[in-house]
Amino acid sequence: MKITDLQVDHKTDPLGYDFPRLRFQWLIEEARSPVVSVRLKIWEHDSASKEQETPEDSSLVFDSQETAPGSFDGMEVSLTLAPRCRYDWQVQVTLANGSRGESETAWFETGKQEEPWEAPWLSLPQEASSARVFREAEIPRTVEKARLYICGYGVYEVFVDGRKAGNEYLQPGYDTYDLKQEYQTLDLTDLLPPGTHRLMILLGNGWYRGRLVFEGGFEDLYGDCLTVSAELDLVYADGTCERILTDQSWQAQTSEIGENNIYDGEEQDYHLAGKPLDLTVSASGKQPAARSSMPILATQQKGPAEILHTPAGETVLDFGEMITGWVTFYCREEKDIRIRLLYGELLQDGNFYRENLRTAKAQFTYVSEGEERWIRPHFTYFGFRYVKLEGITDVRPEDFRAVRLMSACGEGGSLLTGNEMVNRLIANSKASQDCNFLSIPTDCPQRDERLGWTGDIAVFADAACLNRDCAGFLSNFVEMMGREETAFDGVVPLFVPTPKGEEVSRAADIMLKHLAEGTAGWSDAVVDIPWALWENYRDEGMLRQQYPAMKTWIDFVHRQTMEGEIPHLWLDGYQLGDWLALDENGQSRADCCGFTDTGFLATARYYHSLDLCRRSAAALDMTHPDLAFYEEEMEAVRTAFTAAYLNEDGTVKIPETQTAYAVLLAWHLGDAKTAVDRLCALVHEQDDHLRTGFLGTPLLCPALSEGGAHETACRVFLQETYPGWLNEVKLGAVTIWERWDSLQEDGHVSGTGMNSMNHYAYGSIVSWMYRYLCGFQSDFTTERSVRIKPMPCPELGWMKGSVRTSWGIYTCEWKITGEEEALYRITVPEGSTAQVTLPQDESLRLSGGVHELTGRIHG
Ligand code: BGC
């Protein structure tokens, strides 16, 4: 047996968090018999006697004793933790066959908790777009533990004697800076042996004060100067302590970094460095809170797949896949040579192309110091596959490494089929997720936008949770949404965080004015994400924390519908409809909202959110006081909706669209039989192609499969002609595109106004593949059990998938073996069960182990 994936509050070895809830979790793999007991022990790391590991051990602060395993492999513990303290923990497992296993020791460390923040704030002059803030520190004796607690705005990196501290980039990431001030904790122990050291904090603009938000962008959205406050806590081996604060003893000077921001990139020129800057020291104001953000890490490095010499005479690196991050290169150029790296997603007619980045300059400029060394940016990132080089005379592949930056997310499930194009699509969905999970879930990583558009992640959340373990990442985003919701009187805005600077509110742009009027499908992210987290990770405590934000949003829509023209219909708000749907039948591209009536969509969506809240409340407590409201309100909405939008025969009164019927089916409104017949007819009219946008697309295949038209779902899914998922793959997509026709058949970009090659929304199709093709249903039956109801798509030949639950990994494979026959192989973790239903068969309960079953293909 292996005990892996040790996490505290969904984080691996977390440093400097608050842990309002202490949840320990692990994964037991390869157990040969069921788990009969688990034992969790926690030691205070800093206490001296920890080696002994005996019950008398004075450092032992928690021992669960042998406990029967719960409904998941984990334990929630109530324990009072000390501030700035590291704890070690370990889990021991006993199986029914008597064998025992022990995990490695993992750790977690608290932040400052209630301790007051003592450090003053150091602010730089407004004109400084980057600065080094530094001082010397004398370390007289051996340091046992050195921690830096730091708030730095816009973005910062810390160096000790020129060496980078920690493994995080772009700290503090993008947060709701106006609503929460978060400090991060860095471990500097190994960087501070006895002697004199130079502590240096490098600051840049980042999201805080660099150009941000589309339509040309605004500067100084959260503040107009760089600022930092930090406390260095030293514990010496002899037990004495010392604290170094950012105060008058620090100095500042310009750095080598000139212009820098998220959209445009960064300029590095050694001529700029070393000029003294004034520092304003002000007393500490608000009390910063411990971080809840996940670290942004460099998760992959790779060299170019190819060096291209284009027809236009350019030298372009092709990394073969889409990457979010930057390229580090080894500079061999002579002094004062100017080097430029331009980033793009595409080639057009074989040449470097990036018109679709709109106003984002997305470039890195470097003026050589004449010294051979590796160079990289600090305060920007790019979404790219291609990098055009300028000013490098001798281009050697080994001198370039693309570095992928991504917020920490663990492994998730897996999918593989007998169809190479489908496999590419699966990989593309995960690639777009990886490229956009940087600090917040962004719409895209490349152009002058990169915002936390709520609608995009709302439709992708389930797929995201299946692709990877993103509990820590997405729950942090839910917290941000909750803060914005409070700031906007109960409305979740279109994107989160939402800068509220004066400049933004003054801006004439219509979109900005409507940021927080409430948008169906976008604001509902505050319901969809907690629900996806619940369905995938079954952490009741997390759902309990998130539930109030879900309810607040429902209350807002409820008020709107009651104040509106017809009670219980949602006809107000700022609606984006079925964003980017194709059912305008070639009408103007300018209107992106599709053809599905927005009142119909918004009301149906409200009904669905009510339903998810009802199910959430029931999951928390079968007698939850809110249940009655949800039930009554759902009934009232259904009645009003039926009267307004449905004919007697179950067809819709509004112009028919695929999305309209998919909505009726997926959200259980109206007559299912009529809806599926009409949906199939509309699909067949398009020669089995979809016409759906952001809201309709994730519902389309599930609605067809669920409604008894699985074969039609498979046909739409497998279309290689426009529009369809595999059409993108056929045209060479390595990520998911924003539009079905982002590239045209001739490989040309269809338009540059709003056209990214890296938008995950349509990648939500993998959720259907997991939940229908492989059959991993989202509604778990009892404890430690899942429902598996595979619905093969014979054209794929075979398929295998796996999901990670908090009590083990399940796999389901099928292989078409005859005209009407398939072989199914299902793996169930020991000590768990699966409720399996094969096509046309009675459901059966399988226990731990590998099961091979012969069954039919069609239901
Ligand atoms: C973004 C989308 C977003 C939409 C909503 C676009 O600019 O890229 O993905 O959901 O706007 O208006």
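Order of appearance sets the numbers: ligands from 1, and atoms from 1 within every ligand.
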Practice item. Return the orientation label for the W553 and F556 ring planes: parallel under 30°, perpendicular over 60°, tilted otherwise. Key: parallel
Check your understanding: Between F384 and F319, what is the ring plane arrangement, given parallel below 30°, perpendicular above 60°, and tilted in between?
Key -> perpendicular
Exercise for review: Report yes or no: do E259 and N205 form a side-chain donor-acceptor pair below 3.5 Å?
Suggested key: no
Point to revise | R615 and D611 ion-paired at < 4.0 Å | key: yes
Practice item. For the pair D555 and K551, find out whether any cationic side-chain nitrogen is under 4.0 Å from an anionic carboxylate oxygen. Key: yes
State the atoms of ligand 1, each with its element, that fall below the 4.0 Å cut-off from a heavy-atom position in [X].
X    : answer
D443 : 1 (C), 8 (O), 9 (O)
F694 : 9 (O)
E738 : 8 (O)
H759 : 1 (C), 2 (C), 8 (O), 9 (O)
W522 : 5 (C), 10 (O)
L576 : 5 (C), 12 (O)
D456 : 2 (C), 3 (C), 9 (O), 10 (O)

Review point. Quick one: CG on L212 to OH on Y222, what's the gap to the nearest 0.5 Å?
Key: 7.0 Å
Exercise for review: Heavy-atom distances under 4.0 Å are what count here, so tell me which part of R447 touches ligand 1: side chain, backbone, both or neither.
Suggested key: side chain
